[in-house]
There are 2 protein chains.
Amino acid sequence: MKDTYQFTKANVDETCDTVYDYIVDYISDNGYAPSVREIGRGVGLKSTSTVYGHLKRLVDQNRIEMTKGKRRAISLVDEGNPMEVDYDEVPLLGTVTAGMPILATENIESMLKLPQDTYASTENMFALRVRGDSMVGAAILDGDLVLVRKQNTADSGEVVLALLGDEATVKTLIRDDQGHCLLRAENAAYADIPFESEDCKILGVVCGLLRFRV
Amino acid sequence: MKDTYQFTKANVDETCDTVYDYIVDYISDNGYAPSVREIGRGVGLKSTSTVYGHLKRLVDQNRIEMTKGKRRAISLVDEGNPMEVDYDEVPLLGTVTAGMPILATENIESMLKLPQDTYASTENMFALRVRGDSMVGAAILDGDLVLVRKQNTADSGEVVLALLGDEATVKTLIRDDQGHCLLRAENAAYADIPFESEDCKILGVVCGLLRFRV
DNA sequence: TACAATAAAGAGCGTGTGTTCGTTTTAATA
DNA sequence: TATTAAAACGAACACACGCTCTTTATTGTA
């Protein structure tokens, strides 16, 4: 016959959600899980058994995990990986020269972040800063960063990154009627470069461009 | 005079590191921190006081945090914020038309991720897809994404995003000797557009470009 | 060899905390 | 109004576990 009861009977699911939210916040704030009594205090439930009932419900719903007997042994069942990154990274290379493996770690200046939904895979891609105005006709300016997909062949007309002797350059690959190849600068001031497979090598195909100005 | 002692006295720092690593692994595996006794069992220390000493040392080193009295109340002091994003985001806009505030949420198609160290601030920046070939002379192609810094004035020669009547276009702003302004397409096939401030408005200045091809 | 400092062990106290059980209140239904 | 199930309360038990104190072994130094 006590009149000290003050709670209002609430919807189970709502209370459950409140408990869950409290746990999430608590862990976010403190780095470890709350105790049953702390949860009760936090959400306004006076009995540990009530809270405990909600916890069992949350376990059944597969929203949390508890280890029987252990203290504060509540862990969240995260949807996927919470640390999951939502961007892709491609290595930004320094100067590319012959001899060195192009993706050698010493050659990587930094990692360049790209939106994740841009390319199916950035596995074999890298970025490189373009020097010179030889490709202005292909809308590639001095200082631009080009994204290159690593491959050693290319079709006629594709803009490629090629190794000419000891230097890497961006040029358009042209295959003529006789099956001969040449590298063409998209700038009338530069002459075509015959492509002899001996000391020339295709490093990749340009598949993107980034231009950042102040 | 007991000969059951089996431990070898180890370097403090090494043991400390072992304890720390165990805690990190344990939390990674279980989602909550280990108890002092569990740590001891895990790293091969038989006394809780020994483990406790290492824990206090780790607290002093500011590598973990503990709450006095609470069980399993160990939290890692992450370097910075683990959830910290290391990229910037700019809104990618759909079609820009007159009347609507340019950065209205309904107008934002998605968020575009950029490397964080590219711009001092991306606060007033947005991205827009360019349609048409009117700016090929400025190395801006059909389908490119331009990054625009929001501002309503610009210098002569700057590439701007301008609202012409009901449509937004990218053009070069030219200020002639008499102080009159006009918008110039970087393509001989297009004529200059006189700039009358009545129905023309500068929305921003182009400060970057992204081109993604398959 | 003696001495001090360090690291670990071992025992133990106090209590925070999970878990259970029975009771009480509320809200819905007949 | 009586009945019943859901939801909360409250008390109690048992022990996991933080924390301290004292003792023992190891290592370095004079």
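Order of the sequence lines sets the chain letters (A, B, ...), proteins ahead of strands, with each chain counted from 1. Predicted, not measured: the structure shown is a model, and the values here were computed from it.
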**Student:** Hey, are A/Glu38 and A/Arg72 close enough for a salt bridge, meaning a charged N less than 4.0 Å from a carboxylate O?
**Tutor:**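 Salt bridge flag = yes for A/Arg72 with A/Glu38.
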**Student:** Less than 4.0 Å between a side-chain N and a carboxylate O, is that true for A/Asp142 and A/Arg211?
**Tutor:**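 Salt bridge between A/Arg211 and A/Asp142, a charged N being under 4.0 Å from a carboxylate O: no.
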**Student:** Between C/dA9 and B/Thr50, is there an OP1 or OP2 to side-chain N/O distance shorter than 4.0 Å?
**Tutor:**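 Checking C/dA9 against B/Thr50, a side-chain N or O does come within under 4.0 Å of OP1 or OP2.
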**Student:** Let's test your reading of the model: under 3.5 Å, does the base of C/dT19 pair with the side chain of A/Thr48 as donor and acceptor?
**Tutor:**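 Present.
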**Student:** Between A/Ser49 and A/Glu38, just flag the one whose closest nucleotide in DNA chain C comes earlier from the 5' side.
**Tutor:**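 Residue closer to the 5' terminus by nearest nucleotide: A/Glu38.
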**Student:** So if I take every side-chain heavy atom of A/Lys46 and compare against D/dC17, D/dC9, D/dC19, which nucleotide ends up nearest?
**Tutor:**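 Per side-chain heavy atoms of A/Lys46, the pick is D/dC9.
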**Student:** Between B/Asp117 and A/Lys113, does any NZ, NE, NH1 or NH2 come within less than 4.0 Å of an OD or OE carboxylate oxygen?
**Tutor:**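 Here A/Lys113 does not pair with B/Asp117 in a salt bridge, since their nearest N and O are not under 4.0 Å apart.
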**Student:** When the distance from CE of A/Met66 to C1' of C/dG18 is rounded to whole Å, what number comes out?
**Tutor:**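 About 7 Å, once rounded to whole Å.
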**Student:** Would you say B/Tyr52 places a side-chain N or O within less than 4.0 Å of OP1 or OP2 belonging to D/dG18?
**Tutor:**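 The answer is no; no side-chain N or O of B/Tyr52 sits under 4.0 Å from OP1 or OP2.
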**Student:** Determine: side-chain N/O of A/Lys68 to OP1/OP2 of C/dT20, distance under 4.0 Å, yes or no.
**Tutor:**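 Yes, A/Lys68 has a side-chain N/O under 4.0 Å of OP1/OP2 on C/dT20.
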**Student:** In terms of side-chain heavy atoms of A/Arg71, which of D/dA16, D/dT20, C/dA9 is nearest?
**Tutor:**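 Output: D/dA16.
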**Student:** So does B/Ser35 reach the base of D/dA16 with its side chain, donor to acceptor, closer than 3.5 Å?
**Tutor:**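 No.
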**Student:** Taking only side-chain nitrogens and oxygens of B/Arg37, does any of them come within less than 4.0 Å of OP1 or OP2 of D/dA16?
**Tutor:**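 No, no such contact exists.
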**Student:** Would you say a side-chain N or O of A/Thr15 is under 4.0 Å from OP1 or OP2 of D/dA8?
**Tutor:**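 For D/dA8, OP1 or OP2 has a side-chain N or O of A/Thr15 closer than 4.0 Å.
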**Student:** Both B/Ser47 and B/Arg72 contact DNA chain D. Taking the nearest nucleotide for each, which residue is further toward the 5' end?
**Tutor:**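 Nearest-nucleotide comparison on DNA chain D picks B/Arg72.
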**Student:** Can a salt bridge be assigned to the pair A/Asp144 and A/Arg213 using a cut-off of 4.0 Å between side-chain N and carboxylate O?
**Tutor:**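 Between A/Arg213 and A/Asp144 there is a salt bridge, with a charged N closer than 4.0 Å to a carboxylate O.
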